[in-house]
Amino acid sequence: MEKVVRQLEDVTIRFAGDSGDGMQITGAQFTNVSALMGNDLGTFPDFPAEIRAPAGSLAGVTSFQVHFSSREIFTPGEQCDALVVMNPAALRVHLGFLRPQGILLVNTEEFKPRNLTMAGYASNPLEDQSLSAYQVFSVNMTKLTREAVKDLKLSVKESERCKNFFALGMAYWLYQRSMEPTVQFIRDKFSKRPELAEANLRALQAGRNYCENTEQFGSSYRVPAAKLRPGRYRNITGTTATVLGMIAAGQKSGLEVFLGSYPITPASEILHQLSRYKNFGVRTVQAEDEIASVCMAIGAAYGGSLAFTTTSGPGVNLKAEAVSLAISVELPLVLCDIQRAGPSTGMPTKTEQGDLLQVLYGRHGESPIAVLAGSRPSDCFDTIYECARIAVRYMTPVVFLSDLFLAFGAEPWMFPSSADLPPIPVRFRTDPEGFQPFQRDLETLARPWAIPGTPGLEHRIGGLEKEHLTGNVSYDPKNHEMMCRLRAEKIEKIAQEIPPTRIDGPESGDLLVVGWGSTYGAIRTATEKKREEGKSVSHVHLRHLNPLPPDLGSILYRFEHVLVPEINLGQLLKVLRARYLVPAVGLNKVQGQPFETTEIEAKIDSILRGEP
Amino acid sequence: MEKVVRQLEDVTIRFAGDSGDGMQITGAQFTNVSALMGNDLGTFPDFPAEIRAPAGSLAGVTSFQVHFSSREIFTPGEQCDALVVMNPAALRVHLGFLRPQGILLVNTEEFKPRNLTMAGYASNPLEDQSLSAYQVFSVNMTKLTREAVKDLKLSVKESERCKNFFALGMAYWLYQRSMEPTVQFIRDKFSKRPELAEANLRALQAGRNYCENTEQFGSSYRVPAAKLRPGRYRNITGTTATVLGMIAAGQKSGLEVFLGSYPITPASEILHQLSRYKNFGVRTVQAEDEIASVCMAIGAAYGGSLAFTTTSGPGVNLKAEAVSLAISVELPLVLCDIQRAGPSTGMPTKTEQGDLLQVLYGRHGESPIAVLAGSRPSDCFDTIYECARIAVRYMTPVVFLSDLFLAFGAEPWMFPSSADLPPIPVRFRTDPEGFQPFQRDLETLARPWAIPGTPGLEHRIGGLEKEHLTGNVSYDPKNHEMMCRLRAEKIEKIAQEIPPTRIDGPESGDLLVVGWGSTYGAIRTATEKKREEGKSVSHVHLRHLNPLPPDLGSILYRFEHVLVPEINLGQLLKVLRARYLVPAVGLNKVQGQPFETTEIEAKIDSILRGEP
Amino acid sequence: MNQAAAPEIASRPLTKKDFESDQDVRWCPGCGDYAILSQVQKVLPELGIPREKLVFISGIGCSSRFPYYMNTYGFHTIHGRAPAIASGLRASRPDLSVWVITGDGDALSIGGNHFIHLLRRNLDVRILLFNNRIYGLTKGQYSPTSELGKVTASTPMGSIDYPFNPISLALGAEATFVARTLDRDLAHLHETLRRAAAHRGTAFVEIYQNCNIFNDGAFEVFTEKETKLAHVARLEHGKPILYGPKNEKGIRLKGFQLESIDLSKAEARMEDLLVYDAHCPDATLAMIVSRMTGENNLPLPIGVFRSVSRPCYDDSLNEQVRKAKEMMGPGDLDELFNSGDTWVVQPSS
Amino acid sequence: MNQAAAPEIASRPLTKKDFESDQDVRWCPGCGDYAILSQVQKVLPELGIPREKLVFISGIGCSSRFPYYMNTYGFHTIHGRAPAIASGLRASRPDLSVWVITGDGDALSIGGNHFIHLLRRNLDVRILLFNNRIYGLTKGQYSPTSELGKVTASTPMGSIDYPFNPISLALGAEATFVARTLDRDLAHLHETLRRAAAHRGTAFVEIYQNCNIFNDGAFEVFTEKETKLAHVARLEHGKPILYGPKNEKGIRLKGFQLESIDLSKAEARMEDLLVYDAHCPDATLAMIVSRMTGENNLPLPIGVFRSVSRPCYDDSLNEQVRKAKEMMGPGDLDELFNSGDTWVVQPSS
Ligand SMILES: Cc1ncc(C[n+]2csc(CCOP(=O)(O)OP(=O)(O)O)c2C)c(N)n1
Ligand SMILES: Cc1ncc(C[n+]2csc(CCOP(=O)(O)OP(=O)(O)O)c2C)c(N)n1
Ligand code: SF4
Ligand code: SF4
Ligand SMILES: [Mg+2]
Ligand SMILES: [Mg+2]
């Protein structure tokens with residue numbers, strides 16, 4: 001049978017199954033192949049909070065979504081065009097994300113009464129017409145895999161474990177992906193167990209052949225290469241981008257990188273990855289708790305290291321007192337907050353932007369701090385690099401905000417060459433002549449970085465209020481006010497280096513959508529769409545949240561309406577309204593999930609229609 | 001010689017000396033006598049951060065200020081009419097607070113080269129004309145005291161230690177105070193050492209006689225009794241008012257009071273005082289740190305106690321994660337933040353209002369909390385009582401904000417009778433029928449308080465997101481949003497019980513001054529003064545900072561200008577601007593000192609003159 | 001509420017089933033936590049404490065999910081703080097039986113301070129520490145009980161943190177009851193839980209627990225049939241410390257060192273053996289024995305290391321409250337308001 | 001920076017004066033802190049460490065004001081966290097000599113967790129704990145070392161918290177160097193500081209310090225001429241534990257109990273006495289001896305309880321960095337960027 005190949009601009013596919021089903025590897029392979037085929041990409045994995053919940057349970061479902069395209073894209077996709085489910089629980093959890101008429105590839109083997117019950121199905125959805133809105137392809141992948149490998153003398157368990165590659169083979173046929181990179185991957189991965197390599201290869205091939213040969217599938221799809229900026233690319237998650245940014249900042253500043261951390265989802269992965277780069281002189285310490293981890297970083301910063309501490313919301317609470325010390329003694333430090341859904345333990349494996357106000361204001365007294373946020377996985381590299389640069393230039397702690405969606409999401413990154421990175425000049429104070437620990441640089445108001453070990457600069461610092469210039473303890477009323485204002489002014493000074501704000505869309509008009517952090521992709525896509533529809537809608541995405549860009553106020557005033565979409569109940573919104581007195585409104589979602597483009601589009605439409 | 005007695009409306013006197021000089025007792029006696037004579041009063045002590053710095057050093061100076069009046073007053077006074085200094089260091093530190101032409105009583109004995117040098121004087125100010133702006137009375141109080149007691153066979157040290165009563169005797173003559181209460185006090189205090197009682201009595205009398213008999217003093221002053229509301233009064237500090245409020249809330253709710261605390265200035269005194277009331281069933285625990293102390297309070301609240309935790313700024317940082325847990329599991333708890341000057345250790349013995357934003361926003365995720373602030377020492381009673389009432393009625397943590405100035409300041413309090421206090425009804429859930437741990441009361445959105453020990457209500461709670469009604473762990477996206485919004489709505493509901501906002505001055509006009517916390521007295525005095533001058537200036541002082549009073553917005557819009565004076569860099573200001581989009585401006589002071597009325601007056605004038 | 005009350009006896013005998021909640025248990029299949037849960041559910045009916053008087057308080061970690069599975073009162077709190085929350089509850093509610101469930105990370109890393117302070121205060125609380133020598137919930141970082149050199153997600157070149165010995169640490173922190181048991185030795189686990197329940201004061205039980213995902217087999221030699229008898233010695237008060245497949249080995253003290261002797265050998269004498277004393281007021285013996293870790297030809301001791309009586313913080317606190325009421329009379333609010341120097345302002349006529 | 005370097009010898013011999021800063025010392029007159037400050041300033045010149053290589057890190061408390069008075073690098077941090085800040089500094093700067101100054105509240109109450117973790121990690125840091133058994137700076141609340149029944153500002157009816165024994169706690173936390181000395185015994189203080197300085201690893205020194213304002217005389221029997229000889233025993237490695245005005249008393253082991261014997265009596269024999277071994281790999285002996293507190297007819301031991309060698313966390317960390325560089329070569333940024341699967345997008349022609 002000759003099959004039709006249709007061309008599509010972009011496709012979102014999601015692989016979902018039990019924790020033991022290998023969905024993460026499957027998704028990663030699909031991603032890799034698509035990257036090598038020249039598509040633009042966005043990916044996002046989704047894990048359960050339980051480590052390995054009972055097989056077949058709803059709690060045990062894990063998934064990986066790939067959005068690949070022949071044009072530039074900014075998100076890992078929202079509604080899926082295709083969904084691969086390995087069992088009833090996966091169907092139950094993920095069906096809601098499949099668009100009407102979407103392709104549903106189902107592994108029928110697991111649709112047995114026990115599993116159906118565990119997934120909360122009263123009847124078998126494959127048989128009760130409840131899936132009639134979709135193009136359902138029911139295939140017993142497990143059985144077909146067993147058969148494909150049966151003469152290899154593997155145990156049943158080992159045989160069946162190859163079924164994810166069967167599913168991948170089907171997906172490869174469906175979207176006309178090249179097999180070669182995955183064939184190579186399997187050969188490498190199982191180089192010590194050739195029989196397993198063979199089994200997985202057969203499963204992959206069998207899946208592909210099944211689609212090619214059976215009548216079930218009438219057409220396949222092609223997504224041509226995208227026109228990306230020429231250059232060398234790699235796929236990168238927000239986490240890896242952050243880690244590389246830390247190392248790059250260390251190399252470019254000539255400082256040794258120190259990380260004090262305590263494991264917490266979704267930040268732990270930074271600790272894991274960074275700890276592998278000791279050959280860059282990187283020191284990572286897993287401390288006894290968050291307080292110790294930030295204190296260790298402060299100790300290292302005091303000693304002249306480029307110090308980081310990584311955590312998520314609950315850890316930021318615990319670090320606040322020590323961050324306040326760093327503000328008071330004016331030492332450089334980057335606090336990375338990889339946000340997750342709160343309050344309290346909340347939903348630790350779900351995303352949120354709930355910590356903006358806490359990092360801005362969550363310390364006692366007047367303790368101003370710089371705050372920057374990454375906006376897409378690859379942007380985490382540039383943002384953390386800039387955080388480090390500001391920290392050492394202004395001698396101040398800086399907060400790097402990211403979130404679970406950014407940290408785990410991935411996209412192609414045209415990586416820079418080290419020579420092109422902005423310099424991070426650091427000069428430790430060494431001259432004892434006229435040294436005063438709190439004498440400030442006129443341009444930045446930074447105090448000198450005078451590290452222990454430097455002869456002649458012996459001095460004392462501490463958390464009590466310090467006398468201007470000398471740094472001696474002072475309870476003088478006017479001095480305290482001066483120091484409070486100087487610390488605030490120093491942070492405000494950072495604004496002098498913020499580049500002009502980029503506006504996507506017209507410079508003035510009906511509506512400006514202002515975002516920060518991981519909402520970038522959804523807002524960008526939605527606002528572009530609206531402009532394509534001829535609407536006067538622009539987009540500003542803030543990297544610098546404190547201080548805000550100096551030109552922001554004048555931009556805001558040029559628009560009729562201002563909309564601030566956030567994955568919280570309106571935090572940047574409060575900041576902008578207080579600062580600029582603009583009647584901005586929020587679009588707020590707190591579901592542990594990113595925005596869907598359509599949600600933002602709908603809000604834009606309603607504002608433009610003049611609805612309240 | 002016949003001496004003149006002049007009548008004054010009000011007077012501020014400050015006693016200042018070395019830590020060992022007994023200035024606190026002296027001030028307290030002056031206060032007590034003035035109260036019994038019917039004056040209205042405000043007092044404020046000032047301690048150094050060091051426990052007992054070297055005698056004669058600037059760091060060792062301590063003082064006590066008394067403002068007493070024949071009309072109603074609201075502050076412990078600002079510029080002093082009279083200053084008593086026991087040594088050069090005290091003169092150096094406090095002279096700036098004496099008004100021009102003010103009375104300066106100096107103990108000359110200590111004005112020796114060594115002490116002058118320690119105080120940083122190059123020449124003796126008593127001799128170099130530098131005090132010519134004041135009415136200086138130089139008296140060798142130490143020597144005169146020694147002489148007065150010389151036949152009592154005391155050691156020199158013991159004799160000299162009576163000199164504070166000599167100074168007090170002088171002050172009593174100067175302001176025509178009755179001696180009797182202090183005579184009684186001395187007899188009681190030294191009942192076991194009659195020779196010391198005698199010595200102090202002689203010193204007191206000698207001081208008075210000295211003024212009466214020498215030519216040095218031409219006139220004395222009388223401040224008649226004030227027309228206070230009839231009733232029974234006592235003098236009360238903010239701290240004691242807070243402690244009594246806690247006990248009262250316990251008694252009226254029928255709950256046992258539990259305090260988990262860790263010592264920190266200026267909050268420790270609450271722990272000290274409350275721990276003396278075990279006969280009220282009060283349990284106080286000094287925990288190993290702030291985290292443990294709030295966690296113990298949460299444990300006690302879970303068990304059905306009326307739970308408090310007390311601290312200052314740095315401790316609030318540390319408690320944030322646990323407060324977030326209390327918000328998530330919806331347990332009642334009152335967190336008392338007695339603010340001091342930050343950031344970091346800052347100036348621990350100085351006042352500030354620097355923690356408003358931290359208590360509002362200093363937690364991860366969306367974790368809304370109720371916040372109330374006391375405005376004068378006696379108001380701490382009503383405010384903490386209201387905090388406790390809200391906590392148990394809405395099943396939520398509530399923040400009680402006070403500060404060092406309120407905590408240590410004192411004023412007369414017409415105390416209520418317990419019967420007049422608002423009821424605090426509490427009903428623990430006991431009926432297992434239809435029990436759901438997160439089913440809400442329709443009026444308050446509070447969940448039931450179902451304490452361990454209740455048969456049939458066994459259930460589990462925790463910091464993970466909870467399913468509406470059942471409280472089971474839930475990762476459902478829509479449920480999370482619903483719960484976040486319900487928690488926020490519950491806090492907003494409290495607004496339904498906030499009484500109409502009291503406006504001092506016209507209901508609309510040129511300028512509204514909005515304050516919160518300990519700035520009450522200064523703002524009230526300044527705005528009254530301006531109204532007396534015929535200016536259209538009103539005053540609103542907020543007890544409820546979250547939620548804000550429902551009528552506040554409409555009040556703000558009725559004034560041309562809004563001024564928000566704060567002892568910080570503009571925190572309530574941010575909140576009001578963001579919420580109501582009013583172009584309010586701030587008057588900000590961060591010197592570890594309260595406002596002076598004149599500072600507020602000057603700002604009012606400049607706004608009314610249209611200056612930016 | 002808040003009156004000290006002897007735990008009432010429930011009206012009908014409870015069974016294990018009564019202690020199972022309706023929530024699906026979500027640990028990995030094969031996790032040692034299952035066995036512990038099951039034994040706790042089996043021990044409770046034997047204690048005669050009514051279900052509503054039982055409270056399980058946990059921190060965060062795989063182990064800390066425990067309370068959800070118990071049909072008693074339960075509170076899954078925050079990482080490391082369960083001992084403090086339990087302290088507040090117990091200090092104010094002497095009628096409740098309070099149990100802390102924690103992990104090696106939860107109790108000894110972030111929660112280390114609350115752990116040692118609870119032990120010294122000796123509130124009447126049980127602490128069950130599930131020691132799997134790894135962070136399970138956060139996917140496999142090393143913990144304060146992980147061995148030196150361990151390669152984990154956060155230590156690609158091996159751990160360089162010298163581990164705590166939880167028993168030694170507890171003894172150094174003035175604990176009054178210290179025990180160790182194993183997830184796989186059900187009878188011993190059962191018995192140890194019973195003893196912990198019987199102790200008045202803080203009862204600390206370290207339970208070796210297998211995490212078959214991130215640290216599988218960490219305690220294998222102590223739990224597998226072939227090796228366990230040769231490597232595990234049960235401490236029994238008043239008896240010599242014996243072990244070996246036929247109890248043919250014993251522990252003898254030589255100076256301050258312990259040594260293993262083979263009783264089947266000629267020169268070895270039973271009388272030389274160390275007779276265990278768990279009730280010794282001094283913790284020294286327990287301390288020496290805690291240093292045996294199943295290595296260097298010495299066995300791993302399990303059982304009760306120490307069990308002595310000392311006043312509980314909660315009892316003392318309640319006693320102070322009682323005494324204050326007795327001495328000063330129950331507080332009267334109006335009297336309280338009206339104390340110190342007061343004065344009257346008369347209505348002006 | 002950051003290279004391991006043997007502390008250089010300063011160019012001219014330093015004196016006590018060199019270590020005095022220009023700040024006025026602001027402790028209460030008569031406070032024991034003065035004596036400690038002075039001895040530290042006297043010991044330092046003897047160590048041959050250049051001033052700029054010395055860093056004093058403190059928490060919050062009266063004692064923690066210490067760094068301000070030292071003409072070295074100094075960091076007065078936040079309450080309880082000095083051990084963690086010191087750890088970060090030392091882990092990244094092996095060339096510095098790092099000293100932690102702390103109090104009984106700072107180290108054992110709020111800072112308890114960092115304290116025990118520093119000890120187990122054994123970073124090369126000295127901890128001087130000024131134990132006055134009270135919170136001085138916050139005006140007299142009881143501390144974790146205050147005795148039961150103590151009446152303080154926060155315990156009007158007496159403390160009910162059973163205190164820590166800091167030496168025992170440190171030993172239970174795997175400390176490698178543990179010592180005790182007294183503010184009033186200058187020679188002993190001096191010598192103990194010297195030994196602590198010489199230890200490679202975490203050297204913990206508890207210093208009994210009189211707070212004459214809030215807890216005056218807490219250690220009087222151990223410091224006053226009339227009583228001290230009868231109540232204090234000096235531990236010396238390899239020697240029997242003797243005390244008494246004429247060293248006529250000694251300590252003997254009886255089972256696991258220590259007892260005092262009077263050598264002037266007939267039946268007492270010198271050979272029966274416990275010979276102290278501070279270098280014993282096992283901490284048992286130190287633990288037993290730590291239980292003597294100067295009460296019950298037994299003396300208070302002072303001196304070095306334990307001094308053993310174990311790899312330091314900081315050394316191991318630096319070794320891993322060295323090894324990684326050796327194995328993988330010093331990192332190259334461009335290579336790092338360009339790793340994993342990469343692909344090229346060609347300019348469209
Ligand atoms: C304040 C805070 N920090 C970190 C975490 C992340 N966290 C959760 S559990 C855990 C460690 C769990 O280890 P353990 O106590 O040994 O329990 P196990 O999972 O092994 O049973 C960590 C680091 C958290 N939830 N909260
Ligand atoms: C986070 C925090 N909590 C509490 C305090 C208040 N505080 C300062 S020092 C101290 C205790 C001091 O006792 P100790 O460590 O024994 O030192 P000492 O003054 O006796 O030398 C306390 C509770 C603080 N500064 N910071
Ligand atoms: S990760 Fe380990 S400890 Fe956690 S549930 Fe799984 S097996 Fe058990
Ligand atoms: S309060 Fe005590 S410890 Fe503090 S300085 Fe005074 S005497 Fe020393
Ligand atoms: Mg564990
Ligand atoms: Mg102390």
Side-chain angles (χ1 to χ4, degrees), chain A residues 48-49 291 312-314 316-318 320-321 324-325 327-329 337 339 341-350 352 354-355 357-358 360-367 462-465 475 477-478 480-481 484-485 487-488 568-569 573-575 577-579 581-583 589-593, chain B residues 48-49 291 312-314 316-318 320-321 324-325 327-329 337 339 341-350 352 354-355 357-358 360-367 462-465 475 477-478 480-481 484-485 487-488 568-569 573-575 577-579 581-583 589-593:
Chain A
I291 300 177
S312 188
V316 177
N317 293 169
L318 293 167
E321 193 205 3
S324 184
L325 173 67
I327 290 172
S328 168
V329 295
D337 178 2
Q339 301 163 96
S344 197
T345 313
M347 307 197 302
T349 54
K350 303 293 163 191
E352 204 158 283
D355 296 355
L357 290 176
Q358 106 150 324
L360 284 171
Y361 304 127
R363 291 165 303 277
H364 63 287
E366 292 293 342
S367 45
L464 288 165
E465 187 55 284
Y475 294 98
K478 303 267 184 214
H480 177 52
E481 174 140 353
C484 283
R485 292 192 186 272
R487 286 186 289 259
N568 61 38
L569 291 179
L573 184 66
K574 278 205 175 70
V575 174
R577 287 170 57 100
R579 174 75 181 266
L581 294 179
V582 286
K589 177 173 176 179
V590 266
Q591 305 186 356
Q593 304 284 344
Chain B
I291 300 178
S312 188
V316 176
N317 293 168
L318 293 167
E321 193 206 2
S324 185
L325 173 67
I327 290 172
S328 168
V329 296
D337 178 3
Q339 301 163 94
S344 197
T345 313
M347 307 196 303
T349 55
K350 302 294 164 193
E352 205 158 283
D355 296 355
L357 291 175
Q358 105 152 324
L360 285 171
Y361 304 127
R363 292 165 302 279
H364 63 285
E366 291 293 341
S367 45
L464 287 165
E465 186 55 283
Y475 294 98
K478 303 268 183 214
H480 176 53
E481 174 140 354
C484 283
R485 292 193 185 271
R487 285 185 290 258
N568 61 37
L569 291 179
L573 184 67
K574 279 206 175 70
V575 174
R577 286 170 58 100
R579 173 75 182 267
L581 294 179
V582 286
K589 177 174 177 178
V590 266
Q591 305 186 358
Q593 303 285 344

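Naming: A, B, ... by sequence-line order, numbering from 1 per chain.
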Q.
Heavy-atom pairs under 4.5 Å with chain A: which of B/G354, B/A488, B/G463, B/A341 has the most?
A. B/G463

Q) For chain A, which of B/G462, B/G592, B/P314, B/P583 has the most heavy-atom pairs under 4.5 Å? A) B/P314

Q) Is there a donor-acceptor pair under 3.5 Å between the side chain of A/E481 and the backbone N or O of B/V590? A) yes

Q. Which bit of B/V329 is near chain A, if near means a heavy-atom gap under 4.5 Å: side chain, backbone, both or neither?
A. neither

Q) If you tally heavy-atom pairs under 4.5 Å against chain A, which of B/Q358, B/Q593, B/R363 wins? A) B/Q358

Q | Contact leader toward chain A among B/V316, B/N568, B/V575, where contacts are heavy-atom pairs under 4.5 Å | A | B/N568

Q) Taking every heavy-atom pair that is under 4.5 Å apart, which of B/S344, B/S324, B/G346, B/P348 has the most such pairs with chain A? A) B/S344

Q: Could you verify whether a donor N or O on one side chain and an acceptor N or O on the other, from A/E352 and B/H480, lie under 3.5 Å apart?
A: yes

Q: With a 4.5 Å cut-off on heavy-atom pairs, point out which of A/P477, A/G362, A/G342 contacts chain B the most.
A: A/P477

Q) Under a 4.5 Å heavy-atom cutoff, which of B/L357, B/T345, B/I327, B/L581 has the most pairs with chain A? A) B/L581

Q: Select one option (side chain, backbone, both, neither) describing which atoms of B/R579 are under 4.5 Å from chain A's heavy atoms.
A: backbone

Q: Flag the pair B/K478 and B/E465 as a salt bridge only when some basic side-chain nitrogen lies within less than 4.0 angstrom of an acidic carboxylate oxygen.
A: no

Q. Which heavy atom in B/S367 sits nearest to a heavy atom in A/P343, and how many Å separate them?
A. CB-CB, 3.8 Å

Q | Expected output: side-chain A/Q339 to main-chain A/D355 donor-acceptor under 3.5 Å | A | yes

Q | Distance in Å, B/L318 CG paired with A/I291 CD1, rounded so as to fall on 0.5 Å steps | A | 5.5 Å

Q) Minimum heavy-atom separation for B/M347 to A/Y475, with atom names? A) SD-CA, 3.6 Å

Q: Measure B/L360 against the heavy atoms of chain A and call it side chain, backbone, both or neither at under 4.5 Å.
A: neither

